[in-house]
There are 2 protein chains.
Amino acid sequence: MNAVYGLRALMYIAAQRDQEGYVSIRKISEDLDISFHFLTKILQTLTQHHILHSQRGPAGGVALAKAPEQVTLLEMLYILEGEGYFSECFLGLPGCGEQQPCPVHDFWRHITLTMKEKFSHTTLAELSDKVRSGEVRLVSCT
Amino acid sequence: MNAVYGLRALMYIAAQRDQEGYVSIRKISEDLDISFHFLTKILQTLTQHHILHSQRGPAGGVALAKAPEQVTLLEMLYILEGEGYFSECFLGLPGCGEQQPCPVHDFWRHITLTMKEKFSHTTLAELSDKVRSGEVRLVSCT
DNA sequence: ACTTATTCAGACAATTTTGTCTTAAATTTA
DNA sequence: TAAATTTAAGACAAAATTGTCTGAATAAGT
């Protein structure tokens, strides 16, 4: 579920990109109803991968380290869920590949290639714009 | 991982559909290197959903209850992994839908619709044929 | 310097998923 | 009817995932 919380937080942060300064994790956790410490841990990995920049101390928090137009859904997913996200054998068979395919290898490969393509052409900017315009919600309850 | 083991077993069984009688679960578990009791449990759910038919006692085992041409990947997946497989919100937000979409709702909906379509047009027959022809493997090691 | 606010790091706990084992029920053969 | 073989059912255990907590480090303001 890391991706779920990480993506939501990133969209929340990116939706405020016209505001100066850092967004505190405490605030994000309250607004998105995610445990503070848990969210902190997830955002740390995004910081380590230079998607976010962080600042400790009063008025500290996190901020985007890159223009949201240049952060793709694919990139975020790879960081949050691992690079194997689109490349694992559907049947979990180790060593599955072109040489020794499993019965669904070709089938699954086509699907994942298409998905990967789509995920790599959707950016954080697009998604967060929907949040800003209010056409979309980031929290559970109405 | 239920799907992984269940699908593999189904392909294994379907690949032998010209042979008379039942395939014993013990044999499947040995050939596919899956724990016998574990596999038994998974195949039970397939039996309960009338994909397989089972027979106890000597020379008993399981056999396809339907023509493999009429068993789709979608159907198998729904039974093994639940009906929500293609319809859950990517961000896990309860209540996400057309009325109250999340930022990736439309994006994800397009992808899952395409996937669902493809999964519903691939049958157990097609997949098991690949196993029979030997162009494909069902086990881990070479 | 001291206090306060904040992220960082990692140990710890709870939950869920995955896998194993034991016993029961059914079926066949002799 | 007895013995052997096989699936059925469900309790139990192990492992992985998910989530929580405590203390440390850093920075700003007074």
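Numbers restart at 1 for each chain; the letters A, B, ... are given by sequence-line order, proteins then strands.
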Notebook entry, point to check: Is any side-chain N or O of B/Q44 closer than 4.0 Å to OP1 or OP2 of D/dG10?
Noted result: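 No, because none of the side-chain N or O atoms of B/Q44 sits under 4.0 Å from OP1 or OP2 of D/dG10.
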Note to self: With a 4.0 Å cutoff (strictly under), does any side-chain N or O of B/S54 reach OP1 or OP2 of D/dA8?
What the structure shows: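 True: B/S54 side-chain N/O within range (under 4.0 Å) of D/dA8 OP1/OP2.
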Next item on the list: Output the residues of residues 15-26 of chain B in contact with DNA chain D, where contact means a heavy atom of the residue under 4.0 Å from an atom of the strand; sort by number or write none.
Entry: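 Here the set is B/S24, B/I25.
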Checklist line | CA sep, side-chain torsions, deciding dist, call: B/D33, B/R8, salt bridge (Lys or Arg N to Asp or Glu O under 4.0 Å) | finding: CA-CA 11 Å; B/D33 198 31; B/R8 285 211 287 147; over 6 Å; no
Please report the interatomic distance [atom1]([X]) to [atom2]([Y]), rounded to the nearest 0.5 Å.
X: A/L43; Y: A/L80; atom1: CG; atom2: CG; result: 9.0 Å
X: A/L39; Y: A/R26; atom1: CG; atom2: CZ; result: 10.5 Å
X: B/H121; Y: B/E126; atom1: NE2; atom2: CD; result: 10.0 Å
X: B/K118; Y: B/T72; atom1: NZ; atom2: OG1; result: 15.5 Å

Note to self: Judged by each residue's nearest nucleotide on DNA chain C, which is more toward the 5′ side, A/G60 or A/Q48?
What the structure shows: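 Counting from the 5' end, the first nearest nucleotide belongs to A/G60.
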Notebook entry, point to check: Along nucleotides 25-30 of chain D, 5' to 3', which nucleotides get a B, which get an S, and which get a -, given that the test is a protein heavy-atom distance under 4.0 Å?
Noted result: BBBS--
Check: For every nucleotide of nucleotides 14-21 of chain D, 5' to 3': is a protein heavy atom under 4.0 Å from its base (B), only from its sugar-phosphate (S), or from neither (-)?
Finding: ----SBBB
Checklist line | Parallel, tilted or perpendicular, as decided by the 30° and 60° cut-offs, for the rings of B/F38 and B/Y5 | finding: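 B/Y5 and B/F38: perpendicular rings.
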Item checked: 5' to 3' contact window, DNA chain C with chain B (heavy-atom distance under 4.0 Å) ->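 It runs C/dT18 to C/dT28.
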Notebook entry, point to check: With the 4.5 Å side-chain cut-off for hydrophobic clustering, are A/F90 and A/L113 part of the same group?
Noted result: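 No; A/L113 is not reachable from A/F90 via cluster members.
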Note to self: Is there a continuous path of hydrophobic side-chain contacts, each under 4.5 Å between heavy atoms, that joins B/L127 to B/V139?
What the structure shows: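 Yes, same cluster.
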Margin query: Under the rule for salt bridge (charged side-chain N to carboxylate O under 4.0 Å, His left out), what residues qualify as partners of A/D31, not counting sequence neighbours?
Written below: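 Residues passing salt bridge (charged side-chain N to carboxylate O under 4.0 Å, His left out) with A/D31: A/K27.
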Check: Does A/K116 have any salt bridge (charged side-chain N to carboxylate O under 4.0 Å, His left out) partners at least two apart in sequence or in another chain, and if so, which?
Finding: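 If we apply the salt bridge (charged side-chain N to carboxylate O under 4.0 Å, His left out) test to A/K116, skipping adjacent residues, there are no hits.
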Margin query: Distance check needed: D/dA8 P versus B/I42 CD1, whole Å only.
Written below: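 For the pair B/I42 CD1 and D/dA8 P, the rounded distance is 13 Å.
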Checklist line | Nearest-Å distance for atom pair NZ/P, residues B/K27 and D/dT7 | finding: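 For the pair B/K27 NZ and D/dT7 P, the rounded distance is 13 Å.
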Item checked: Near-ring test A/F86/A/F119, centroid separation under 6.0 angstrom ->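 That pair passes the under 6.0 Å test.
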Notebook entry, point to check: Heavy atoms, side chains only, cut-off 4.5 Å: are B/V104 and A/L7 in contact?
Noted result: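 No. Closest side-chain heavy atoms not under 4.5 Å.
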Notebook entry, point to check: Pick from A/E98, A/Q100, A/H110: which one makes a side chain to side chain donor-acceptor pair (under 3.5 Å) with A/H105?
Noted result: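 Between A/H105 and the candidates, side chain to side chain donor-acceptor pair (under 3.5 Å) is satisfied uniquely by A/E98.
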